[in-house]
Amino acid sequence: MSQQTAITPTREQDFPEWYQQVVKAADLAENSDVRGCMVIKPWGYGIWENMQRGLDGLFKATGHKNAYFPLFIPLSYLAKEAAHVEGFAKECAVVTHHRLVPDGKGGLKPDPESELAEPLVVRPTSETIIGATYAKWVQSYRDLPILINQWANVVRWEMRPRVFLRTAEFLWQEGHTAHETEAEARAETEQMLAVYAQFAREWLALPVFTGEKSAGERFPGAEQTLCIEAMVQDRKAIQAGTSHFLGQNFAKASGIQFVSRENKQEFAWTTSWGVSTRLIGTVIMAHGDDDGVILPPRIAPAQVVILPVAPKPEMREAVFAACDALAAKLRAQSYGGEAVRVEVDKRDLGGGQKSWEWIKRGVPVRVEIGPRDIEKGTVAVARRDRGHKEKAFPTAEEFVGGITATLGEIHATLMDRATMLRDANTVKIETKEEFTAFFTAKGKEISGGFAFAHWDGTAETEAEIKDALKVTIRCIPSDSPAEDGACVWSGRPSGRRVLFAKSY
RNA sequence: CGGGCUGUGGCUCAGCUUGGUAGAGCGCUUCGUUCGGGACGAAGAGGCCGCGGGUUCGAAUCCCGCCAGCCCGACCA
């Protein structure tokens, strides 16, 4: 059997279908019997565990601690903040009963006698319940700041689920902090955005634009939403992380009050920030190729896979021993401050089939060891960022000694490719005609990419553009210089450019 | 929640128009030959044909009802 690519269709032919096929071929996740919910399989979950470890380290390093708050939120809590309700009410799962009884048809139904006095909402996000808790914890300015993160699942009843990118239930982290002053809370919001941008670059090999959301794209209840935006290979934007300055909105809604240094009652200033399993989808779409996933080494569950080649059964033992010995030497090396992660694949499968499995899964480095290698003291090495037939034959010592550098090079390659893709498809646009042409699909092209253009700052213009072209303001870039110009849509005066794109 | 479509071994589907013993490919199991780039042969296992009712000597197939899922339109990390 010979195929051009491991994944059909190719990215070029049908990007959304390619994505689904990659998720399946790489054994990352599958749809469950529950609509909109996914089963994250060990390889996919391994990626999430590595993301968690990386982020958790960065959170701890910036003074945060983990805690856990309830899955269920009393309905009345959610109703406390008006904008928040409006944002989330449409997509909430609600628990109304606490007991089942036979339905008389061989099944079960909620016991009408067990209806809850107050329905519970399965958290779509936890601002309200955490706010209610902080209200109890905070009495004095001496109790601030509170710097807490939680790793949790949340539920948003989505109409259009897509594995990892948009599912009814997903895993994430949500940081929730409370501060004495506005300045401190704003600094926290920015600090965590910087953490996300650093994580995207250093762990995910993903260049990101940072900036602020327009009022229309803001988190419900926030004063200001900051975000990181990445470009994936169909040139659409994906929001990879958000950090919100919540002002005193939630403090007022939940009663987070304290006695200040001046002995006055004041409301705290709060923030929240989060990234989710959507990052896995982002990585797939940003780095994958027509043979499957390509994982940035720092989040790869296995960074090196060793494939024993034993043509004759009587060689197996010797080959396995050589593989185990190599694995041990590799594990003594480190990359990104952690021991190199190595897997020896001893399954009794055809060699080609095995190799292709690991290619599709995106393991950064594959090594084959057979009798000839043992004799010569060499190994056969293939890298996932290069062609699948391209092999190098270093000595085992050279290979082990160079593994840290090799993983670093692969990370750099991915970063470079993603940066080139983004830069090649990011343009400045001045006129409505150009703008429309840029975002109008020609042939099989999906999207023009990112456009920096002037915007008059009104919600009307923003909505018109969205209606006309399905293009949104991804962010008002944090580092964009003031520049006088005319709005690309309305022609009205504008003081700076914003980032437009089609998005996930 | 409005419009279109589909429910048949683990997966993808054929069979239904014109009722007559449930099929294929892939996957799985065993054995043999293979194994340095997605192997081949042989033999097997596996099905309340979505659910309920009706018509009929006889229903995967025809009729009615229900349920579930998929695709398209308004929201979203």
Side-chain angles (χ1 to χ4, degrees), chain A residues 1-8 16-17 20 24-25 30-36 86-92 105-107 123-125 152-162 164-174 196 213 216-220 225 227-230 237-244 272-282 291-292 307-313 315-316 319 347-360 366-376 378-382 387-391 393 466-467 470 472 503-504:
Chain A
M1 190 193 209
S2 72
Q3 261 173 256
Q4 295 287 320
T5 60
I7 306 297
T8 25
E17 183 59 24
Q20 307 231 87
K24 193 197 278 185
E30 61 191 39
N31 287 315
S32 74
D33 293 343
V34 183
R35 191 197 138 82
E86 200 180 322
F88 287 109
K90 296 185 285 289
E91 50 186 23
C92 286
K105 290 180 278 188
R123 63 180 164 221
T125 179
N153 59 338
V154 285
V155 168
R156 297 181 186 175
W157 212 262
E158 296 292 346
M159 289 289 126
R160 289 210 173 293
R162 273 245 263 161
F164 290 126
L165 299 175
R166 194 182 299 116
T167 47
E169 179 191 16
F170 57 94
L171 305 183
W172 77 345
Q173 61 63 218
E174 45 179 330
Y196 288 151
K213 286 291 185 195
E217 298 279 327
R218 207 175 274 159
F219 176 76
T225 288
C227 62
I228 56 174
E229 293 281 331
I238 185 161
Q239 178 175 307
T242 50
S243 183
H244 316 290
S272 67
W273 27 275
V275 298
S276 72
T277 37
R278 175 179 248 200
L279 286 179
I280 299 172
T282 305
D291 289 327
L307 304 166
V309 177
K312 299 278 187 296
M315 297 168 178
R316 281 169 58 102
V319 171
R347 290 174 305 162
D348 183 19
L349 285 178
Q353 194 183 338
K354 239 194 249 187
S355 284
W356 278 104
E357 264 187 39
W358 293 109
I359 292 170
K360 288 184 278 192
R366 305 186 302 284
V367 191
E368 292 170 357
I369 301 185
R372 297 208 297 264
D373 300 303
I374 295 173
E375 231 170 81
K376 291 190 285 187
T378 59
V379 293
V381 182
H388 58 79
K389 284 185 192 142
E390 191 177 329
K391 277 190 212 173
F393 300 91
K466 190 174 178 179
D467 284 349
K470 297 208 166 113
T472 51
S503 77
Y504 275 94

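What you see is a predicted model, and the numbers here were worked out from it, not measured in a lab. So that the names make sense, note that chain A is the first sequence line, chain B the second, and so on, each numbered from 1.
Checked by atom type and distance alone, the side chain of A:Glu30 never pairs as donor or acceptor with a backbone atom of A:Lys24 at under 3.5 Å. Remark: side-chain polar atoms of A:Arg166 are not paired, donor with acceptor, to backbone N or O of A:Gly36 under 3.5 angstrom. Proximity of a side-chain donor or acceptor of A:Thr225 to a complementary backbone N or O of A:Phe219 within less than 3.5 Å is detected. In this structure, the side chain of A:Arg156 does not engage the main chain of A:Ala168 through any donor-acceptor pair within 3.5 Å.
The phosphate of B:C70 (OP1 or OP2) has a side-chain N or O of A:Arg35 nearer than 4.0 angstrom.
For RNA chain B, each stem of at least three Watson-Crick or G-U pairs (distances under 3.5 Å) is given as range with range: B:1-7 with B:67-73, B:10-13 with B:23-26, B:28-33 with B:39-44, B:50-54 with B:62-66.
If you take atom P in B:G44 and the same atom in B:G23, they sit 15 Å apart, rounded to whole Å. Here the separation of B:U61 from B:U21, taken at their C1' atoms, is 15 Å to the nearest Å. The separation of B:A22 from B:A60, taken at their C1' atoms, amounts to 8 Å, rounded to a whole angstrom. Across the C1' atoms, B:U17 and B:G73 are found 33 Å apart, a figure rounded to whole Å. When the P atom is used for both B:C48 and B:C11, the distance is 12 Å, rounded to whole Å. Nucleotides B:A68 and B:C76 have their P atoms positioned 27 Å apart, rounded to a whole Å. Rounded to a whole angstrom, the distance from the P atom of B:G65 to that of B:G3 is 16 Å. Here the separation of B:G46 from B:U30, taken at their C1' atoms, is 15 Å to the nearest Å.
A straight line from NZ of A:Lys24 to P of B:G10 spans 16 Å, rounded to a whole angstrom. When the C1' atom of B:A77 is taken as reference, atom CD of A:Glu229 falls 11 Å away, rounded to whole Å. As rounded to whole Å, 14 Å separates atom P of B:G37 from atom CD of A:Gln353. Computed from coordinates, the A:Lys360 NZ to B:G37 P distance equals 17 Å when rounded to whole Å. Distance A:Arg316 CZ to B:C35 C1': 12 Å, rounded to the nearest Å. Atom CH2 in A:Trp157 sits roughly 22 Å away from atom P in B:A74 (whole-Å rounding). Straight-line distance from the CG atom of A:Asn31 to the C1' atom of B:G10: 16 Å, rounded to whole Å. Distance, A:Gln239 CD to B:C75 P: 16 Å, rounded to whole Å.
More than 12 heavy atoms of other residues, nucleotides or ligands shown are found within 6.0 angstrom of CD on A:Glu17.
In this structure, A:Leu165 CG and A:Glu158 CD are separated by 11.5 Å, a value rounded to the nearest 0.5 Å. Separating the SG atom in A:Cys92 from the CZ atom in A:Arg123 is a distance of 13.0 Å, to the nearest 0.5 Å.
Across all strands, A:Ala240 comes closer than 4.0 Å to no nucleic acid atom at all (heavy-atom distances). The residue A:Glu158 sits close to a base: some heavy atom pair falls under 4.0 Å. Residue A:Leu165 is in base contact, counting any heavy-atom pair closer than 4.0 Å across all strands shown. Here A:Gly370 lies in heavy-atom contact (under 4.0 Å) with a base. No engagement by A:Arg162 is indicated, since no non-hydrogen atom pair under 4.0 Å with the nucleic acid exists. Nucleic acid contact class of A:Lys213 (heavy atoms, under 4.0 Å, all strands): none. Among the protein residues, A:Lys389 comes within range of no part of the nucleic acid, since none of its heavy atoms lies under 4.0 Å from any strand. At a threshold of 4.0 angstrom between heavy atoms, the contacts of A:Ile359 include nucleobase atoms, whether or not backbone atoms are also involved. Counting any heavy atom pair closer than 4.0 Å across all strands shown, A:Thr167 reaches a base atom.
Along RNA chain B, the nucleotide nearest to A:Lys312 and the one nearest to A:Thr242 differ in position, and the one closer to the 5' end is contacted by A:Lys312. Each of A:Gly352 and A:Glu217 has a nearest nucleotide on RNA chain B; the 5'-most of these lies closest to A:Gly352.
Both geometric conditions, a ring-centre gap below 5.5 Å and a plane tilt below 30°, are not fulfilled together for A:Trp172 over the base of B:A77.
Judged by distance alone with a 3.5 Å cut-off, a donor-acceptor contact links the side chain of A:Arg166 to the base of B:C76. For B:G37, the base has a donor-acceptor partner in the side chain of A:Lys391 [N/O atoms by modelled type, under 3.5 angstrom].
The shortest side-chain heavy-atom distance between A:Gln173 and A:Trp273 falls under the 4.5 Å cut-off.
Checking B:G36, B:G37, B:A77 against the side-chain heavy atoms of A:Trp356 singles out B:G37 as nearest.
Applying the side chain to side chain donor-acceptor pair (under 3.5 Å) criterion to A:Glu229, with sequence neighbours excluded, gives A:Lys213, A:Arg474.
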